[in-house]
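Encoded as structure tokens, the structure appears first; notes follow it.
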Protein chains: 2
Amino acid sequence: MITSPLKRETMSTKIAALLRREILTGELPPGAQVVETGLALRLGASRGPLREAMRQLIDEGLLVSVAYTGTRVVDISVQDINDIYAVRTCLEQFAFEQVWDRRGDAFAAELHARNDALQAAIDAADDVRAIEAELDLHGLAYERAGNRILLTTWTGLRGRLQLYWAAHHRAHGLSGPLRESHDDYIRLAVGDSLDAMRAEIRSHMRRGLETTKSFVEQKTLTTLQPEPD
Amino acid sequence: MITSPLKRETMSTKIAALLRREILTGELPPGAQVVETGLALRLGASRGPLREAMRQLIDEGLLVSVAYTGTRVVDISVQDINDIYAVRTCLEQFAFEQVWDRRGDAFAAELHARNDALQAAIDAADDVRAIEAELDLHGLAYERAGNRILLTTWTGLRGRLQLYWAAHHRAHGLSGPLRESHDDYIRLAVGDSLDAMRAEIRSHMRRGLETTKSFVEQKTLTTLQPEPD
DNA sequence: AAATTGAAGATTGTCAACAATCATGGCTGT
DNA sequence: ACAGCCATGATTGTTGACAATCTTCAATTT
């Protein structure tokens, strides 16, 4: 049982999961202040576990905190978008290099299953689920590469991507992933040419970067004006 | 002032820095149990800040914790060594791709300065300093690549590398980095061929992996016998 | 003698109160 | 009218005590 680090569900982990969800669904929008005392009261917990949960989300890059001053949901920055997509392009190519020779029928089947889940979410017009499904789809290569460090790194990037995309969808309504947007990706991922797949990843990321970035650039203009509270 | 997140020195951060140092210097060896109450008493702090510091080190991969059971200094695993070196090979090549066209005299000067610091530490037979110096040397490309996500990822890997190498040095005495081990690395890093530098990184990492791994493989045999406390 | 059960100790999880620090707004002096 | 200062409120940092959970070991039963 060494390989099964069963996570005992403690108060902190439950709070962290709940908070993460509220941030990613937009109930707590980017830039919103998160106050320990108020949140503890609302969730019926004490500040101890709450602080631990918040620390977790800080490390995931979803919250930023300044000592003695306050904690906020991280703001969207063009710099971070660029950085994340650049690193992601690099790592996803690496993930496919690592997984390439150990792909099998199970890999292909799971890939198609996750794409079906994505399309179902799109058809159901469920933004949040569609975003999660797309990230799950891309995550398969990282999971099956057999490299724990790589998977941890991907998980770290994934949270912020989900935050950015969720904000994007809330602002634009349903301009999210198209139904056929991953057809090439999947076809090449189960194909015979690693080079072609690497090229597809670079192309896929370039498109995603432009879409996400153009949104953020116009968004920052509107968020600069202080709210008339 | 957006880009200067000035860190207010709080109790937690001081404890985290101190604990990190004790782990990396081997005062707290891999596998050692870390008890909150005892440590809090020793450091003259309360369990609150201590828990926060430990959470930080857990996220850095230096500690592992099981709820209601205990916390220990992470144990050395061959799997992790392999994974880290693979990801590092990928990311360090990417870092040099990103930094390549913006290298300048300052970059070359800093590279040589850090190599001088490394050689000074080696000449002084200072293990801990030599390890830090080598990691600082490799870190330059990550720092100057202008990608915050990349730098964060590197920092995460760096801690574990330092832990493994420190354990290596303690076991073997002074069999650490050789004085001239980075001559090729630096020569190519300031040279004209990115491809040559990429090849050097792959070769450098292969050698480092073999050295570190061979140590860990023999080490695990000796650490399996419980201490007759 | 071996397996099971239960109690005791150890360790982390949780809580509520208190202290330190920071941001805001009004007041005073010029 | 304007600049600087001080008090006030808000927020996080810190503390010590208490509760929940796990591990260990010895007593008991088969």
Side-chain angles (χ1 to χ4, degrees), chain A residues 1-2 4-20 22-23 28 31-60 62-75 226-229, chain B residues 1-2 4-20 22-23 28 31-60 62-75 226-229:
Chain A
M1 294 285 272
I2 293 179
S4 73
L6 58 146
K7 297 178 179 179
R8 275 177 267 279
E9 183 122 320
T10 178
M11 190 73 60
S12 306
T13 61
K14 281 191 287 190
I15 293 178
L18 193 146
L19 252 184
R20 191 182 298 114
E22 290 200 354
I23 293 175
L28 287 173
Q33 187 171 15
V34 180
V35 181
E36 293 181 3
T37 55
L39 204 57
L41 195 68
R42 205 185 88 203
L43 303 183
S46 186
R47 278 183 58 209
L50 188 84
R51 272 177 76 88
E52 197 153 322
M54 285 173 64
R55 157 70 60 164
Q56 170 90 25
L57 297 187
I58 288 172
D59 287 323
E60 292 178 17
L62 265 43
L63 294 177
V64 289
S65 174
V66 180
Y68 295 109
T69 300
T71 307
R72 308 181 150 275
V73 179
V74 71
D75 237 326
E227 312 162 11
D229 186 51
Chain B
M1 293 283 274
I2 293 178
S4 75
L6 56 148
K7 296 178 179 178
R8 276 177 266 279
E9 182 123 323
T10 178
M11 190 75 59
S12 307
T13 61
K14 280 190 288 189
I15 293 177
L18 192 146
L19 252 184
R20 192 182 297 114
E22 290 198 355
I23 292 174
L28 288 172
Q33 187 171 15
V34 180
V35 181
E36 293 180 3
T37 55
L39 204 56
L41 194 69
R42 205 185 88 203
L43 303 184
S46 186
R47 276 185 60 209
L50 188 83
R51 272 177 76 88
E52 197 155 320
M54 285 173 64
R55 157 71 59 161
Q56 170 91 24
L57 297 187
I58 289 172
D59 288 322
E60 292 178 16
L62 265 44
L63 294 177
V64 289
S65 175
V66 180
Y68 296 109
T69 301
T71 307
R72 307 181 151 272
V73 179
V74 71
D75 238 325
E227 310 164 11
D229 186 53

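Worth knowing before you read on, the calculation uses all heavy atoms, side chains too, and leaves out hydrogens, waters and symmetry mates.
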Polar atoms only, N or O, under 3.5 Å: list the protein pairs with nucleotides 21-26 of chain D and their distances.
residue: D/dC22; atom: O3'; partner: B/Thr69; partner atom: OG1; Å: 3.3

I'd like a table of atom pairs between the protein and nucleotides 6-9 of chain D - only N or O on both sides, under 3.5 Å - with the distance next to each one.
none

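A donor-acceptor pair is defined here as one N or O able to donate and one able to accept, closer than 3.5 Å; such a pair exists between the side chain of B/Arg72 and the backbone of B/Gly31.
The phosphate of C/dA10 (OP1 or OP2) has no side-chain N or O of B/Thr37 nearer than 4.0 angstrom. Between B/Thr71 and C/dT11 there is no side-chain polar atom (N or O) within less than 4.0 angstrom of OP1 or OP2.
The shortest non-hydrogen separation linking B/Ala53 to B/Ser12 is CB-O, 3.6 Å. The minimum heavy-atom distance linking B/Ile15 with B/Leu50 is given by the pair CG2-CD1, 3.7 Å. In plain terms, the two heavy atoms of B/Leu19 and B/Met54 that are nearest each other are CD1-CG, 4.0 Å. What you find for B/Arg47 and B/Thr37 is that their closest heavy atoms are CD-CG2, 3.8 Å. The two atoms that bring A/Gln33 and A/Gly70 nearest to each other are NE2-CA, 4.3 Å, heavy atoms only. Heavy atoms only, all atoms of each residue included: A/Ser65 and A/Thr71 are closest at OG-OG1, 3.4 Å.
A/Arg55 contributes atom CZ, which lies 8.0 Å from atom CG of B/Asp59 (distance to the nearest 0.5 angstrom).
Side chains of B/Val73 and B/Leu63 form a contact here, defined as non-hydrogen atoms less than 4.5 Å apart. The shortest distance between side-chain heavy atoms of A/Arg20 and A/Glu60 falls below 4.5 Å.
Taken residue by residue, residues 43-58 of chain B places heavy atoms nearer than 4.0 Å to DNA chain C at B/Arg47, B/Arg51.
Here the P atom of nucleotide D/dC18 and the CD atom of B/Glu36 are 18 Å apart, to the nearest Å. Whole-Å rounding puts the A/Leu39 CG to D/dA10 P distance at 18 Å. The nearest whole Å value for the distance from the CG atom in B/Leu41 to the C1' atom in D/dT14 is 16 Å.
Side chains of A/Glu52 and A/Gln56: no donor on one and acceptor on the other come within 3.5 Å.
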